[in-house]
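Report on the following structure.
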Amino acid sequence: MAYLVLTEGDRKGHKFDLKDGVTRIGRRAENDVILVYPSVSGTHAEIIRSDDGFELRDLGSTNGTRLNGSRIQSIRVYRNDIFSFGDISVMLEGDDVPTAPPSDENDAADISSIPRTTVSLHPLVPENARVMPPSDFKKTHGSRTLWPIFIGLVILAVLVALVVFVLGFFS
């Protein structure tokens, strides 16, 4: 059975079964596949099932219908094709949906005819410049003796504040 699967949005993964013949897609309740999203037109597109396969047809939608990223008016579609109705994308799936025929090997670009480019990188430092390695990091021992003093001062300040508070409370 052929169906569409939402590939994004709040209902991602939701499936819509396709009818025999024509399946209408849009925002209105009378459509077979109802997509209530602002970018989807009232009656946006239709999928026509025939013995030859499936055809996707835009019905004059405001935001257009795209197949695999390219805007279309009417096109034959295959399993795993991704359609976009406005901003909402769906994928065509199902056991009875034909897969795309293999592309003609003569249409493919012959990469052996593409010239190779060689890039050479040269450092900006002149060859006779003397490059110095970074100096070793040395431990500083002075910062270790400051922490106990700092903590001691904080404790002393808390004790003085406590004594002032207690004396102020009883006087």
Side-chain angles (χ1 to χ4, degrees), residues 1-126 129 131 133-135 137 143 147 150-151 154 157-158 161:
M1 178 82 182
Y3 57 92
L4 297 176
V5 179
L6 277 172
T7 61
E8 60 187 336
D10 56 344
R11 295 174 53 198
K12 181 178 180 178
H14 186 82
K15 295 179 183 179
F16 299 95
D17 291 333
L18 299 181
K19 299 184 337 182
D20 288 332
V22 178
T23 301
R24 294 240 170 169
I25 302 155
R27 206 172 53 219
R28 290 191 191 124
E30 61 265 12
N31 291 302
D32 303 303
V33 174
I34 301 168
L35 300 173
V36 185
Y37 295 96
S39 64
V40 177
S41 293
T43 303
H44 197 102
E46 63 187 8
I47 297 178
I48 302 148
R49 175 188 283 196
S50 66
D51 293 337
D52 297 332
F54 293 81
E55 180 184 351
L56 173 64
R57 193 179 296 165
D58 184 80
L59 298 175
S61 63
T62 304
N63 293 315
T65 300
R66 297 182 182 277
L67 170 66
N68 298 331
S70 299
R71 195 165 184 156
I72 61 99
Q73 288 303 312
S74 179
I75 194 166
R76 187 171 175 98
V77 291
Y78 301 96
R79 184 180 306 157
N80 298 328
D81 278 342
I82 296 178
F83 321 141
S84 297
F85 305 115
D87 295 335
I88 300 303
S89 295
V90 297
M91 183 185 297
L92 179 61
E93 290 286 334
D95 294 336
D96 56 343
V97 180
T99 57
S103 62
D104 187 9
E105 291 182 22
N106 295 331
D107 291 342
D110 181 14
I111 62 171
S112 63
S113 65
I114 299 173
R116 291 190 148 263
T117 303
T118 304
V119 176
S120 298
L121 300 176
H122 301 284
L124 295 175
V125 180
V131 179
S135 62
F137 291 102
S143 63
W147 277 107
F150 177 73
I151 293 172
V154 169
V158 169

Exercise. Are any side-chain N or O atoms of Asp81 and backbone N or O atoms of Leu92, one a donor and one an acceptor, separated by less than 3.5 Å?
Worked result: no
Problem set entry | Sidechain-backbone polar pair: Ser41 side chain, Thr62 backbone, donor-acceptor under 3.5 Å | yes
Problem set entry | Result of checking Ile88, Leu4, Ile72 against Phe83 for side-chain contact (heavy atoms from CB on, under 4.5 Å) | Leu4
For this session: Step through the shown structure and confirm whether more than 12 heavy atoms of other residues, nucleotides or ligands are within 6.0 Å of CG on Asn80.
Result: yes
For the [atom1] atom of [X] and the [atom2] atom of [Y], what is their distance to the nearest 0.5 Å?
X     : Y     : atom1 : atom2 : answer
Arg66 : Ile75 : CZ    : CD1   : 13.0 Å
Leu59 : Ser74 : CG    : OG    : 9.5 Å
Thr65 : Gln73 : OG1   : CD    : 8.0 Å
Asp58 : Glu46 : CG    : CD    : 9.5 Å

Show every donor-acceptor pair shorter than 3.5 Å between a side-chain atom in residues 30-38 and any protein atom, with sequence neighbours excluded, or say none if there are none.
| from | atom 1 | to | atom 2 | distance (Å) |
| --- | --- | --- | --- | --- |
| Asn31 | ND2 | Arg28 | O | 3.1 |
| Asn31 | ND2 | Gly42 | O | 2.7 |
| Asp32 | OD1 | Lys19 | NZ | 3.3 |
| Asp32 | OD2 | Arg24 | N | 2.9 |
| Tyr37 | OH | Asp10 | OD1 | 2.8 |

Exercise. Tell me, do Tyr3 and Asp17 make a side-chain contact under 4.5 Å, heavy atoms counted?
Worked result: yes
Exercise. Taking the side chain as C-beta and beyond, is there a heavy-atom pair between Ile47 and Ile25 under 4.5 Å?
Worked result: yes
Exercise. Which pairs with one or both residues in residues 88-102 pass salt bridge (charged side-chain N to carboxylate O under 4.0 Å, His left out), sequence neighbours excluded?
Worked result: Arg49-Asp96
Problem set entry | Those residues that, when tested against Thr23, pass side chain to side chain donor-acceptor pair (under 3.5 Å) (two or more places apart) | none
Exercise. With sequence neighbours left out, what residues match Phe85 under ring pair (Phe, Tyr, Trp, His ring centres under 6.0 Å)?
Worked result: His44
Exercise. Phe16: what forms a ring pair (Phe, Tyr, Trp, His ring centres under 6.0 Å) with it, not counting sequence neighbours?
Worked result: His14
Exercise. Considering all heavy atoms of both residues, which atom of Ala2 and which atom of Phe54 are nearest to each other, and what is their separation?
Worked result: CB-CZ, 3.6 Å
Exercise. In chain order, what residues pass the side chain to side chain contact (heavy atoms under 4.5 Å, CB included) check against Ser89, with sequence neighbours excluded?
Worked result: Thr7, Glu8, Ile82, Ser84
